Amino acid sequence: MEDFTLETAENVPLRYDIATVGSRSVAVLIDFIIIVLISVGFEAMAHLSVRIGGDILSSYFFAIFYLVVGTLSWTYFVINEIVLDGSSVGKRLLNLKVIKNDGSPIDLVGSLTRNFIRYIDFLPGTYLVGFLAMMLNDKSKRLGDYAAGTLVIRVRSVYLDRLTLEETPYDDLVKSSPYLKMITPEEYQLMRDYLTEKHRLSPYKSFRIAEKLAARMAEKFRIEPPKGHERCVQFIQSCVKYYE
Amino acid sequence: MRPMGVGEILDSAVKLFRANFLALVIAQLPLTLFYLADNLLDIFVWDPVDLIDSFLYNDYTAFFKVLSIMFIILVIQVALVYPLTLSAVTKIASDSVLQTPSSVKDAYTFCFKTWWRLGVTNILIFIILIIILLIVVVIPLVIFLAAAIYALETGSLGASGGILLLGIAVTAVLSVIPAFIWIRWQMTFPVAVNEGRFVFNAVSRSWDLVKGRTLATFLIMVLIYLIPTIIQISPDIMELSLGRDFAVLGWVFGIVTQGLLMPLVSCTRVVVYFELRARKEGFGLEQRVEQLSDDKTVVYQ
């Protein structure tokens with residue numbers, strides 16, 4: 001997987017997933033649908049103003065209409081990126097965010113620049129220029145990103161782990177075992193992932209994985225491997241609980 | 001591989017495509033060349049307009065001669081070139097996901113061993129989809145069209161328009177049926193290449209895999225098909241905005257898109273396939289467990 005790693009002043013590496021043309025094209029499609037809807041709404045209101053307010057009001061309204069619609073594809077993205085902290089509605093739906101090359105949030109000048117260059121990226125009306133630019137560099141930057149020194153990343157959803165580990169018959173054995181420290185971080189992560197995802201799996205698959213994991217742990221703890229699905233899961237739960 | 005959202009799947013597919021770009025484009029080459037030859041025949045040997053003319057002017061010998069050559073080309077494409085190329089591209093992408101990279105030669109060697117089963121699988125899908133499309137979309141549309149023409153000839157313009165609109169609406173609704181089947185069968189080739197299942201086995205396995213994720217899979221496949229499609233129409237947009245004829249450029253774009261960007265669709269199919277397996281069968285977990293089991297040294301370190 002391509003990613004972008006940024007070294008902080010404290011030498012802490014921050015790893016970002018780069019958003020490629022795949023998710024960005026969907027985000028921009030959603031944004032353009034919104035832009036079209038806003039334009040259509042403004043046009044309807046402009047025509048309505050002729051009936052309600054007469055010529056004077058409507059001429060003001062039409063002036064605003066042309067200003068808004070004419071600059072909408074630019075202002076929409078700028079306003080969104082400033083208000084939504086580097087996202088637009090489309091980007092937010094796909095968990096994407098614009099940041100500066102140094103990892104800091106995008107500012108007004110950066111947003112104005114990258115979205116102004118969007119007109120070039122959009123050429124010849126199909127985003128061909130932007131598409132080629134994004135495909136030709138490993139950070140998936142379009143010309144606007146180069147000009148503004150920005151990149152688009154995937155925001156990882158940090159969700160609270162709701163893994164509840166109940167009491168099991170293996171708790172005492174695992175807790176007091178000197179072999180507990182032999183569990184490697186990889187094994188712990190795998191057992192944890194299994195417990196989080198087991199509800200998606202078919203009973204057969206779940207049992208197969210649990211059986212193998214439990215056998216592996218039993219070998220470490222130098223005990224007989226547990227028999228049956230439920231017992232295997234309980235043993236794994238105890239291992240995860242006391243490793244933590 | 002783990003369960004992912006739509007955006008993440010699309011990103012993974014693009015990353016997979018970029019990482020294996022050269023191998024994928026070379027593997028796609030037979031289909032690209034076939035497409036190129038087909039286009040050249042269309043331009044220099046027979047023109048579709050001439051073909052219709054020969055039928056209209058009762059020159060049936062010329063008409064059926066061209067039609068039979070077209071049929072043979074279609075058979076070669078459906079039974080041989082398309083399944084082999086698609087499988088080779090799928091093999092390269094799949095092996096890259098499984099971190100056991102294979103070359104273009106390896107991929108084609110693998111696919112040639114099972115070429116007839118891959119061909120039969122593709123013919124089956126092609127024929128069934130064509131029949132369904134005919135029954136639920138083309139025939140109703142033709143009936144509505146005939147009724148609209150009849151209404152127009154009898155002088156009822158309003159009724160004709162109404163029938164036509166109704167026909168379009170009914171056809172649009174009925175299109176859901178072939179679209180549904182098409183999406184449920186999208187994983188057939190990844191299944192054939194990775195699991196060695198063919199024909200009905202592959203089709204039914206694909207159906208089961210996509211089941212429960214039909215809409216998400218449909219969305220992903222439509223979105224990924226949109227990318228080459230939009231890029232391909234660039235010359236048409238230029239033609240509209242500049243008012244100049246870009247027919248040759250349009251033709252070149254068609255070939256280039258077919259050759260360079262269609263492997264992206266295959267990569268997406270592969271990523272969706274492994275994602276579905278991870279989601280439904282714990283594929284990633286199972287793989288990690290296997291890796292741990294193989295690594296005996298870690299047990300008593």
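Everything quoted here is computed from the prediction, not taken from an experiment. Letters A, B, ... mirror the listed sequences (proteins, then strands); counts begin at 1.
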Turns out that what part of Phe17(B) lies under 4.5 Å from chain A's heavy atoms comes down to side chain

Practice task
Measure the shortest side-chain to side-chain distance between Leu128(A) and Phe253(B) over non-hydrogen atoms and say whether it is less than 4.5 angstrom.
Solution key: yes

Turns out that what part of Leu260(B) lies under 4.5 Å from chain A's heavy atoms comes down to neither

So, the part of Leu223(B) with a heavy atom under 4.5 Å from chain A: the answer is side chain

Whatever's closer than 4.5 Å to a heavy atom in chain A on Pro235(B) counts as neither

Check: Leu29(A) and Leu226(B) side chains under 4.5 Å, non-hydrogen atoms = yes

Within-4.5 Å side-chain heavy-atom neighbours: Lys198(A) and Leu285(B): no

Given 3.5 Å as the limit, does a donor-acceptor pair link the side chain of Arg154(A) with the main chain of Gly7(B), or not? yes

Okay, Ile227(B) and chain A: the region with an atom under 4.5 Å from a heavy atom over there is side chain

- prompt: So do the side chains of Ile231(B) and Phe131(A) get within less than 4.5 Å of each other, counting heavy atoms only?
  reply: yes

- Are Lys15(B) and Thr20(A) side-chain neighbours, meaning at least one heavy-atom pair lies under 4.5 Å? yes

Compare all side-chain heavy atoms of Val289(B) with those of Tyr194(A) and state whether any distance is below 4.5 angstrom.
no

* Asked: Within a strict 4.5 Å, meaning less than it, do heavy atoms of the Val14(B) and Met135(A) side chains meet?
  -> yes

task: Answer yes when Glu186(A) and Arg288(B) have at least one side-chain N-carboxylate O distance shorter than 4.0 Å, and no when they do not.
output: no

Exercise. With no hydrogens and no angle check, is any side-chain donor or acceptor of Lys205(A) less than 3.5 Å from a backbone partner on Lys280(B)?
Worked result: no

When the 4.5 angstrom heavy-atom criterion is applied to Leu123(A) and chain B, the contacting part is neither

